[in-house]
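All values derive from a computational prediction rather than experimental measurement. Both ligands and their constituent atoms are indexed starting at 1 by order of listing.
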Amino acid sequence: MNPPSPAAAAPDPQPGALHAFAGQVVRWQRAHGRSGLPWQATRDPYRVWLSEIMLQQTQVATVLAYYARFLARFPDVQALAAAPQDEVLGLWSGLGYYSRARNLHRCAQQVVQVHGGQFPRDAQTLQTLPGIGRSTAAAIAAFCFDARVAILDGNVKRVLARVCGFAGDLAVAREERTLWDLAQRMVPADPADMPAYTQGLMDLGATVCTARAPACLTCPVQPLCTGHREGEPTRYPVRTRKLKRSAQSLWLLQAQRSDGAVWLQKRPQQGVWAGLYCLPVFESYQALRAAVSPQVSLQESAPFLHVLTHKDLHLHPVGAVYAAGSPAGAGEWFDAGRWPALGLPAPVRKLLEG
Ligand code: SF4
């Protein structure tokens with residue numbers, strides 16, 4: 001967009017270039033962007049918010065079915081707020097990243113209790129609600145209320161960093177703030193263009209300016225794009241710090257009765273799989289063995305890896321068949337008709353279905 005000097009981390013686009021960029025994105029979105037998705041046919045902040053939360057870390061194709069099921073069960077924010085957490089987590093089951101579902105529920109309760117059942121109209125107040133970050137707040141305000149506020153999720157950071165040739169390290173908070181400022185200066189002058197502009201940026205990031213293979217030849221903002229002009233768009237965005245990962249081994253007691261019932265415990269509200277139903281979890285085989293009656297024989301299965309955002313979990317399933325009685329510790333037998341509807345961690349569901 002604006003030829004930066006090689007060392008420039010914060011280019012300073014001219015107002016004319018900003019205007020041209022926003023116009024191109026809006027025109028392209030209206031003609032070629034994604035359309036017809038159920039959450040695009042509404043300005044209801046409840047529906048837009050629900051879709052934005054579901055779309056974080058989940059593909060559109062997967063979200064479609066969950067979105068329809070959620071709305072059928074919870075048609076408005078009041079219905080969601082009044083539901084038991086277990087039911088919300090159960091409906092979320094399979095989407096992963098359950099903190100989203102817990103925050104969704106808490107957010108609905110705050111909208112009802114603090115805001116009289118109406119979502120706030122401005123991005124700043126939206127941001128005070130559980131699970132709504134700056135970019136999600138901006139998306140809701142732009143889509144529903146034409147607010148002139150910039151979104152900047154991971155995909156949009158990539159698009160704007162390439163277009164502007166933004167060489168600042170986004171792992172540094174100051175640089176990220178600079179990109180936010182730049183993003184804010186790029187929004188259209190006309191508030192009525194905000195929904196198409198916001199959707200257009202999302203569409204560009206998801207379908208054209210992808211991480212590894214940007215389709216520059218067909219990109220609507222190619223004439224304005226610094227990354228393309230320099231010939232190496234994938235050098236943007238710059239992010240040096242990598243996520244710190246840890247690893248943990250856990251043993252899962254898969255206690256099952258011959259009628260198919262499984263023994264499940266509810267996890268604490270903090271930590272891995274918070275608030276979900278789960279097979280009893282132990283930090284060693286010895287701890288698991290000690291918790292189970294010596295009369296019960298145990299069957300170890302092959303361990304497998306489950307990758308969380310910050311952690312690799314090495315899971316060791318240990319089977320035990322119960323004719324009568326119960327494994328030690330708090331828990332409950334769930335028969336085969338009940339456990340599929342519970343909020344279960346993805347690897348536990350896979351084990352039980354397997
Ligand atoms: Fe991305 Fe290429 Fe378009 Fe620039 S021209 S925004 S690098 S797809």
Shortest protein heavy-atom distance from [atom], along with the residue and atom involved:
atom                    : result
atom 2 (Fe) of ligand 1 : C216 SG, 2.3 Å
atom 4 (Fe) of ligand 1 : C225 SG, 2.3 Å
atom 3 (Fe) of ligand 1 : C219 SG, 2.3 Å
atom 7 (S) of ligand 1  : P233 CB, 3.4 Å
atom 1 (Fe) of ligand 1 : C209 SG, 2.4 Å

Relative to the heavy atoms of [X], which atoms of ligand 1 are at a distance of less than 4.0 Å?
X    : result
V221 : 6 (S)
H228 : 5 (S)
P214 : 8 (S)
V163 : 6 (S)

How close do Y236 and F166 get, counting heavy atoms only, and between which atoms?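 Here Y236 and F166 meet closest at CD2-O, 3.2 Å.
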I'd like to know if the side chain of [X] pairs up with that of [Y] as donor and acceptor (distance under 3.5 Å, no hydrogens or angles considered).
X    : Y    : result
D122 : T125 : yes
T226 : R162 : no
S35  : Q40  : no

Is the contact between L204 and ligand 1 made by the side chain, the backbone, both, or neither, using heavy atoms and a 4.0 Å cut-off? neither
Ring geometry between W273 and H306 (parallel below 30°, tilted from 30 to 60°, perpendicular above 60°):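 It falls in the tilted class, 30° to 60°.
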Inspect the contact between D86 and K266 and indicate whether a charged nitrogen and a carboxylate oxygen are less than 4.0 angstrom apart.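 Judged by the 4.0 Å cut-off on N to carboxylate O distance, K266 and D86 do form a salt bridge.
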Any salt bridge between D146 and R43, counting N to O under 4.0 Å?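 A salt bridge is present here (some side-chain N lies under 4.0 Å from a carboxylate O).
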